[in-house]
Amino acid sequence: MADHHDHHHEPGHDHRGHGHHGHDHGHGHHDHTSGAPARALLIALALSGVVLAAELAGAWFFNSLALLSDAAHMMTDVAALAIALLALRIADKAPDDRRSFGYKRLEILAAAFNALLLFAASLFVAVEAVGRFRTPEPVAAGGMLAVAVVGLAMNLLSMRVLMAGRGENMAMRGAYLEVWADAIGSAGVIAAAILIRLTGAVWIDPLVAIGIALWILPRTWALLTDTANVLLEGVPRGLDLGEVRRAIGAEPGVVDVHDLHIWSLSTSEVNGTVHVAVAPEADGDRVRRGVAALMADRFRIGHTTIQIERDPCAPDARPHG
């Protein structure tokens, strides 16, 4: 490396890629987890709890596996809402000496745990359904229909309550996904109950149960892969690391770009660190401000740490991420 560098980043920057955000731009995203989203989750949690109790009772009394499948999803729905609410309450805790980035990752852990719960519930329902195909059992279609109608109404109400906040973070997205899936599940149970009443074909019940389980799995997988990408500190979806590198390299005065890292603490907070080598005659502070503006305005990376260097580091001497 050259003998001197212009280190335009905050004190204590760690070259592994997890520095504090730069002082070039605002902090943002500090209050999205309070107020209305929390109230929406509380309301949806209460409604989902009622539906869960009704479906579990209905599955028992009316011997419906389709209701049990919907109840299994509703159980993970209740868990998702409770975990999401907890994540929202804790995520805005101020950073401290033990958690220098704060607690926003809790929403990612909540969403991942919820996805795993739903996978387990779907597997259980599938195994039970296979048993029902081998040994058909009578189903009380009338009671099954009544419970499913109540469940659908409650789910639609919960969806309306959660709709406004579903894009704010993964915990809210997971909660909305669960309620949406349960609404579809309730509609499927209603259709099954009507068909069983009309035809007497009890095999429709386990068939619909498996259909509900299979229908939600791809969406659950998408949620799980998104959370895994955040936990592995992958480049957030929609950002191309090569494009960012080329854009920084095109800034006036920049001669080399290396140690570029982009990751996210949560869905609403994207971070970046980069080493930028500038020409000897370039104004390092002006280049830093230009790169910071580029990262914030073009790529929506709100927290960036930029290290300015007068000469490119030798490849074998560059710090690694």
Side-chain angles (χ1 to χ4, degrees), residues 1-33 91 95 100-102 104-105 107-108 167-170 173 226 229-315 317-321:
M1 240 182 231
D3 292 333
H4 67 279
H5 301 295
D6 292 329
H7 295 284
H8 294 286
H9 55 82
E10 298 196 356
H13 168 59
D14 186 309
H15 289 297
R16 290 172 298 178
H18 297 282
H20 295 293
H21 56 75
H23 53 274
D24 306 280
H25 25 270
H27 294 224
H29 309 301
H30 289 296
D31 57 1
H32 75 282
T33 56
S100 62
F101 281 97
K104 292 183 181 295
R105 274 282 168 86
E107 72 174 67
I108 306 301
E168 295 201 17
N169 56 50
M170 280 191 178
R173 175 187 163 192
D226 282 350
N229 187 59
V230 173
L231 293 175
L232 291 172
E233 300 194 341
V235 177
R237 180 179 295 185
L239 283 175
D240 184 323
L241 200 66
E243 181 184 357
V244 177
R245 185 181 293 110
R246 288 189 295 272
I248 296 174
E251 284 288 300
V254 174
V255 297
D256 185 53
V257 179
H258 54 270
D259 287 325
L260 173 62
H261 303 278
I262 301 174
W263 75 99
S264 57
L265 290 174
S266 64
T267 52
S268 59
E269 187 168 316
V270 180
N271 296 261
T273 63
V274 63
H275 290 201
V276 178
V278 300
E281 70 279 3
D283 183 334
D285 194 56
R286 179 176 295 176
V287 172
R288 176 182 56 80
R289 289 197 302 269
V291 171
L294 171 74
M295 299 281 270
D297 298 338
R298 178 171 168 182
F299 298 106
R300 304 302 180 200
I301 302 172
H303 296 71
T304 306
T305 301
I306 302 162
Q307 177 171 307
I308 297 297
E309 300 165 353
R310 282 296 167 187
D311 296 307
C313 297
R318 291 177 184 174
H320 295 284

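All residue numbers in this chain count up from 1 along the given sequence.
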Asks: Supply the atom-to-atom distance H258 NE2 to H275 NE2, rounded to the nearest 0.5 angstrom.
Replies: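 H258 NE2 to H275 NE2: 6.0 Å, rounded to 0.5 Å.
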
Asks: Under the side-chain contact (heavy atoms from CB on, under 4.5 Å) test, which residues partner N229, sequence neighbours left out?
Replies: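 Not a single residue meets the side-chain contact (heavy atoms from CB on, under 4.5 Å) criterion with N229.
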
Asks: Is there a side-chain contact between L239 and I301 (heavy atoms, below 4.5 Å)?
Replies: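 A side-chain contact under 4.5 Å exists here.
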
Asks: Taking all heavy atoms of G284 and all of I308, pick out the closest pair and write down the distance.
Replies: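 So the two residues come closest at O-CG1, 3.8 Å.
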
Asks: For R298, check side-chain hydrogen bond (donor to acceptor under 3.5 Å, both in side chains) against everything at least two apart and list the hits.
Replies: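 Once residues adjacent in sequence are excluded, the partners of R298 under the side-chain hydrogen bond (donor to acceptor under 3.5 Å, both in side chains) criterion are E243.
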
Asks: Are V278 and R310 packed together at the side-chain level, in the sense that at least one heavy-atom pair is separated by less than 4.5 angstrom?
Replies: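 A side-chain contact under 4.5 Å exists here.
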
Asks: Set out, in order, the CA-CA distance, both residues' side-chain angles and the distance that settles side chain to side chain contact (heavy atoms under 4.5 Å, CB included) for R245 and V274, then state yes or no.
Replies: CA-CA 9 Å; R245 185 181 293 110; V274 63; over 6 Å; no

Asks: Would you say N271 and H261 make side-chain contact, with heavy atoms under 4.5 Å?
Replies: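 SC-SC contact between N271 and H261 ruled out.
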
Asks: How far apart are the closest heavy atoms of V230 and S264, and which atoms are they?
Replies: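 Between these two residues, the closest heavy atoms are CG1-O, 3.4 Å.
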
Asks: Mind listing the closest non-hydrogen atom pair of V287 and A282 along with its distance?
Replies: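 Looking at all heavy atoms of both residues, the shortest contact is CG2-CB, 4.3 Å.
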
Asks: Counting C-beta onward and ignoring hydrogens, is there a side-chain heavy-atom pair between D226 and R237 closer than 4.5 Å?
Replies: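 They are in side-chain contact.
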
Asks: Once rounded to the nearest 0.5 Å, what's the spacing between atom CG of L294 and atom CZ of R289?
Replies: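 It is 15.0 Å, given to the nearest 0.5 Å.
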
Asks: With a 4.5 Å cut-off on side-chain heavy atoms, are T273 and D259 touching?
Replies: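 Contact flag for D259/T273 side chains = no.
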
Asks: Between R288 and I306, what is the shortest heavy-atom contact and its length?
Replies: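 Residues R288 and I306, closest heavy atoms: O-CD1, 3.6 Å.
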
Asks: Does any non-hydrogen side-chain atom of V291 lie less than 4.5 Å from one of V257?
Replies: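 A side-chain contact is absent here, since even the closest heavy-atom pair is not under 4.5 Å.
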
Asks: What distance separates R246 CZ from L241 CG, expressed to the nearest 0.5 Å?
Replies: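 Spacing of CZ (R246) from CG (L241) equals 9.5 Å.
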
